[in-house]
There are 2 protein chains.
Amino acid sequence: MTNRSTGSNPPAPLEGDAHLPLYRRLYQTIAGRITSGDWRPGDALPAELDLARLYGVAPGTVRKAIDELVDDGLIERRHGSGTFIRRPNFDNMMVRFLLYRDPEGREIMPASHIISREIVPAPAAIAQHLGMAEGEDVIRMVRHRHWEGAARLLEDIYLPPARFRPMIEHSPEEIGPLLYPAYERLCGQLVCFIEEEITILDATPEDAALLGLKDGDLVVAIERIAKNASGQPIEWRISRGEARRFRYRISVG
Amino acid sequence: MTNRSTGSNPPAPLEGDAHLPLYRRLYQTIAGRITSGDWRPGDALPAELDLARLYGVAPGTVRKAIDELVDDGLIERRHGSGTFIRRPNFDNMMVRFLLYRDPEGREIMPASHIISREIVPAPAAIAQHLGMAEGEDVIRMVRHRHWEGAARLLEDIYLPPARFRPMIEHSPEEIGPLLYPAYERLCGQLVCFIEEEITILDATPEDAALLGLKDGDLVVAIERIAKNASGQPIEWRISRGEARRFRYRISVG
DNA sequence: GAGTGGTCTAGACCACGAG
DNA sequence: TCGTGGTCTAGACCACTCA
């Protein structure tokens, strides 16, 4: 059988090489419609049987593609009501690890101060992380996060201008305290995956001064690469904070 | 259809409550045969169609159970040759994070010194982690790991005697430098899952002395709970090392 | 070539959520 | 009550490994 659309429209095309499994190509197609903003967080996907008809594949093939999208956290099933695009929430993640709490023990939303935004030539390491050429223009943003009356977290953030020009054109007030919602609202960019590397090292004199640390104190440095639904890197950042009281949980299968 | 064994033996029983999905019960059944030592690392599982016949379920149901066992790292598929029990390798994990290398940059297998082994009443927190009652007997083992001529990692390890009595009956030479292989070899216990929590804190005077740190230096403390194939906790440990140069990578979907 | 997992199909029936 | 996802079945054919 070469075409199983039962008398109705011809099937929609799938992304990806024809030699890839259908469920892989369907995964990429759905991820691409999230990346493009065609489907946005909160939206419902078509029902599985509708997707099967739409793309001309069997229901079991749709199910396998959706299984993997759910595993990767891009979408979410709600039994009886449908399948929905997720909005991951990474922006406030680091604050949790630094274990600061208000007097009642609740988590704090720290104040956010954008110190500078400029376009600079991409250093080699950052260009590589972002899939750009060395020396190509890149947006560099410095941000400090404050709580308990002092700077606690220093962030250097690098963004490709092709996707993120609005981040230098809008005022800090329009951007607000959380970056990832601003990326989505102002630039149509959705962060879906992150990879981090944690290092403990000696504070530089500048960082020590900004964080109120003594000479010889240690900082925790968290390097992060953030990717969109299609797995393309869209942000690189390094954050530094006081190492003491840092805490992190992981589980490995 | 109530019984689909085609004229041959009746199906083998599945673990778990009858109201659970068949693929979940099959997952638990296979995990249980790993825990019990019935199937050991390196062994091949029966072919998927044989498992389907053995347990009286459809091939697709076997496939879904095996998919999840593979996702959880308990088994491994090799296309064309079979499905095999995996042997996870966690024991040396922490050493990687501390970034010590020999002069040629290779990873080091640090020397391992068992300082003490004793049976003590379980403190409340440890009893809870191990699913025991407070005050019940627990094995406490202290181990130091050395490289570059000094102690670099201090480990306090707690084990339930019901599973691990051989660990106090055998000599340190019989145990060898790696604990998890010794658990498997001497006690028939296989570690399949771990959860860790990393904290940076001030060194206690004793830890500072043992690690050669100055007063006020920081240590990284890694608390770990290790579980077998059935998800039962079988070991709790806390390891401390110098915080400086600590490094950790994670990715979050 | 025999046996294995990998992909894909085409359904049936159940459990859940919302109107 | 209807539409959704959740489970389960029963096969076909392909791709890979190894003797």
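Lettering of chains follows the sequences in order, A, B, ..., and the numbering in each one begins at 1.
The residues A:Glu195 and A:Lys227 are annotated as salt-bridged, a charged nitrogen and a carboxylate oxygen being separated by less than 4.0 angstrom. A salt bridge links A:Arg53 to A:Asp50: one of the charged nitrogens lies within less than 4.0 Å of a carboxylate oxygen. Ionic pairing of A:Glu155 and A:Arg237 is present here: one or more N-O contacts between side-chain nitrogen and carboxylate oxygen are shorter than 4.0 angstrom. With respect to A:Arg77 and A:Asp67, a salt bridge is recorded, a charged nitrogen being found less than 4.0 Å from a carboxylate O.
When the P atom of C:dT9 is taken as reference, atom CG of A:Leu26 falls 10 Å away, rounded to whole Å. Taking atom CZ of A:Phe84 as the reference point, atom C1' of C:dG17 lies 10 Å away to the nearest angstrom. Counting to the nearest Å, the C1' atom of D:dT4 and the CG atom of A:Asp50 are 10 Å from each other. Note: CG (B:Leu51) to C1' (D:dA10) measures 17 Å, nearest angstrom. Counting to the nearest Å, the C1' atom of D:dG6 and the CD atom of A:Glu48 are 9 Å from each other. B:His19 has its NE2 atom 11 Å from the P atom of C:dC16, to the nearest Å. Atoms CZ (A:Arg63) and P (D:dC8) sit 11 Å apart, rounded to a whole Å. For B:Leu20 and C:dA15, the CG to C1' distance is 15 Å, given to the nearest whole Å.
Contact annotation: B:Tyr23 side-chain N/O to D:dT7 OP1/OP2 distance is under 4.0 Å. For the pair B:Lys64 and D:dC8, the criterion of a side-chain N or O lying under 4.0 Å from OP1 or OP2 is not met. Checking the phosphate oxygens (OP1, OP2) of C:dG17, no side-chain nitrogen or oxygen of A:Arg78 falls inside 4.0 Å. Note on B:Thr61: every side-chain N or O is 4.0 Å or more away from OP1 and OP2 of D:dC8.
In the set D:dG6, D:dT9, C:dC8, the nucleotide with an atom closest to the side chain of A:Leu22 is C:dC8. Looking at the side chain of A:Ala47, the nearest of the listed nucleotides D:dT4, D:dT9, C:dC8 is D:dT4. Listed nucleotides C:dC8, C:dA15, D:dC16 differ in distance to A:His79; the shortest reach to its side chain belongs to C:dA15. Minimum atom distance to the side chain of A:Ser81 is reached by C:dG17, of the listed D:dG5, C:dT9, C:dG17.
Here A:Ile66 lies out of heavy-atom contact (under 4.0 Å) with every strand. Contact annotation for A:Leu49: no contact, since no heavy-atom pair falls under 4.0 Å across all strands.
Toward the 5′ end of DNA chain C lies the nearest nucleotide of A:Arg24, the other residue of the pair A:Gly80 and A:Arg24 mapping further downstream.
Side chains of A:Ser112 and A:Arg143: a donor-acceptor N/O pair is present below 3.5 angstrom, by distance only.
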